[in-house]
Number of protein chains: 2
Amino acid sequence: MAEAVPAAPAGSKSEQAYALIKARIVEGTYSPGHRLVLARIAGDLGVSVVPIREAIRRLEAEGLVTFERNIGATVAGIDPTEYLYTMQTLSIIEGAATALSSPLLGAADIARARGVNEEMRACLEDFDPVRFTRLNQEFHSVLFEHCPNPHILDLVHRGWNRLASLRSSTFRFVPGRATESVDEHEALLRLIESQADADAIEKAARLHRSATLDAYLAQSSAADSS
Amino acid sequence: MAEAVPAAPAGSKSEQAYALIKARIVEGTYSPGHRLVLARIAGDLGVSVVPIREAIRRLEAEGLVTFERNIGATVAGIDPTEYLYTMQTLSIIEGAATALSSPLLGAADIARARGVNEEMRACLEDFDPVRFTRLNQEFHSVLFEHCPNPHILDLVHRGWNRLASLRSSTFRFVPGRATESVDEHEALLRLIESQADADAIEKAARLHRSATLDAYLAQSSAADSS
DNA sequence: CTCCTAGGCTTCGTATACGATTTCGTACTG
DNA sequence: CAGTACGAAATCGTATACGAAGCCTAGGAG
């Protein structure tokens, strides 16, 4: 039998709270810097503050919110330095995950990734940063999702989450990067198809992300001096 | 003026609990598989269960304990597969951290690392795995602690913590690895001194750890077939 | 006019209490 | 004798309540 209650998404209230707050952060309802007051959220969800506390602490551990004792929690993000650190970390982790995952990719996976990338290419004219970013995530997911090491996979997911939370997709700021990105995707796919050694794949995947970061940095430093 | 209370180690009880439980896990008082009952720990510390819950959840986020809803928390560890995953992840993260940190190392740091390594070498005869492991951590700490990216640094620390929690140091099982390890340390130091490029340093640091892992795997598969 | 101090208000931190869920032991039945 | 069902104990999950620590506003002194 299914659950009697139709809208009983998660088991515990902590988890519901966790999922909801996270969703609101990623989706932008709670923008960076927003203060997360326990009592208010508790009221919103119709639960007590205790589960909310737990949810917030979990989000803190993931880096989505910052928390100060006796002060409260605020949505993390914004800070360009933070963006830099996250991207750099992700370049390393994602590169490794992609390399570890590549031997396990079948022809179907490659085809799927290539399909997504073609969609991205089509998306280049009449450019939509949000859609492009979503496709970008889907593309890379196909490549790293087979990573046999769950820890690394988890770290990749966390990195993507953090990037999602500061929803300013890089491509919004540096649209010129999108074209290169699509080309690099294709090159990466060829590398994987040709069973290149893990080292080469890792380096390519890492550089792909580093290049995005560099483009962002160049852009923002140019904007600074304006 | 200093604190009035002499034994007020941490600010909040959650943090005290966190520190204490973590210490007990790392030190081995709570061995892997041990059930962590909230009420019992709360009693031990003379506090209520609420702060304990928070502490446990934090430890869960770090991977030191596993937690099942309505079941309870148990100290993680043991599982050889888990060890493998952790070592592999750490090899990647620590390699990157060491490479990023290397340009920031001064002559004093190198000297200190070399000193520790010489202590390790001296330690080889009349071998003491525990002491050796401690020195090993100190050696690597010197090398990666200057890593400018706090996220990566944090991940390295978490990795080391996890390894510490399954306190069976590799060197206890594979004493033969210790000698090679010391030599590789010296090679790594030379690489850093010669301002080798980051890529070479990263690769060396990663391989150093992978080799330890491989030695462990070889050892344990040999033990399996006995 | 400015700076310092006092009080209240907001919000977090923790204790206690009670309901929910799981597990284990025991008795009953086929 | 084996398997199942019931019930009690243990443990987790959450609500409520109260105390503690920051912050903000108002009032007075220099």
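We name chains A, B, ... by the order of the sequence lines, and we start the count at 1 in each one.
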Tested for salt bridge (charged side-chain N to carboxylate O under 4.0 Å, His left out) against A:Arg57, the lone hit among B:Glu15, B:Glu60, B:Glu54 is B:Glu54

So, are B:Arg206 and B:Glu94 salt-bridged, with charged N and O less than 4.0 Å apart? no

Quick check: are there more than 12 heavy atoms from other residues, nucleotides or ligands sitting under 6.0 Å from CZ of B:Arg69? yes

Given the ring of B:Trp160, does B:Arg134 sit roughly above its face, with NZ or CZ under 6.0 Å from the centre of the six-membered ring and within 45° of the axis? no

Taking D:dT11, C:dA15, D:dA15 as options, the one with an atom nearest any side-chain atom of A:Pro51 is D:dA15

Taking the nucleotide of DNA chain D with the nearest heavy atom to each, does A:Gly46 or B:Asn70 sit closer to the 5' end? B:Asn70

Spacing between B:Ile41 atom CD1 and C:dT14 atom P, to the nearest angstrom: 16 Å

DNA chain C: A:Val37 or B:Ile71, which has the more 5' nearest nucleotide? A:Val37

For C:dG13, does OP1 or OP2 lie under 4.0 Å from any side-chain N or O of B:Ser14? no

Think A:Ser48 has a side-chain N or O under 4.0 angstrom from the OP1 or OP2 of D:dT14? no

Check this one for me: any side-chain N or O of A:Arg53 less than 4.0 Å away from OP1 or OP2 of C:dC12? no

Check the distance between D:dG13's P and B:Ile52's CD1 and give it to me in whole angstrom. 14 Å

Whole Å only: how far is the CG atom of A:Leu38 from the P atom of C:dT14? 12 Å

Length of the OH-C1' vector between A:Tyr18 and D:dG13, whole Å: 19 Å

Rounded to the nearest angstrom, tell me the gap between atom NE2 in A:His34 and atom P in C:dT11. 12 Å

Rounded to whole Å, CZ of A:Arg35 lies from C1' of D:dC24 at a distance of 12 Å

Could you tell me whether A:Ile56 contacts a base, only the sugar-phosphate backbone, or nothing, with contacts defined as non-hydrogen atoms closer than 4.0 Å? nothing

Atom-to-atom span, CD of A:Glu15 to P of D:dG13 - whole angstrom: 9 Å

Between the side chains of A:Arg158 and A:Asp154, is the shortest nitrogen-to-carboxylate-oxygen separation below 4.0 Å, so that they form an ion pair? yes

Protein-nucleotide distance (B:Phe67, atom CZ; C:dT22, atom C1'), rounded to Å: 13 Å

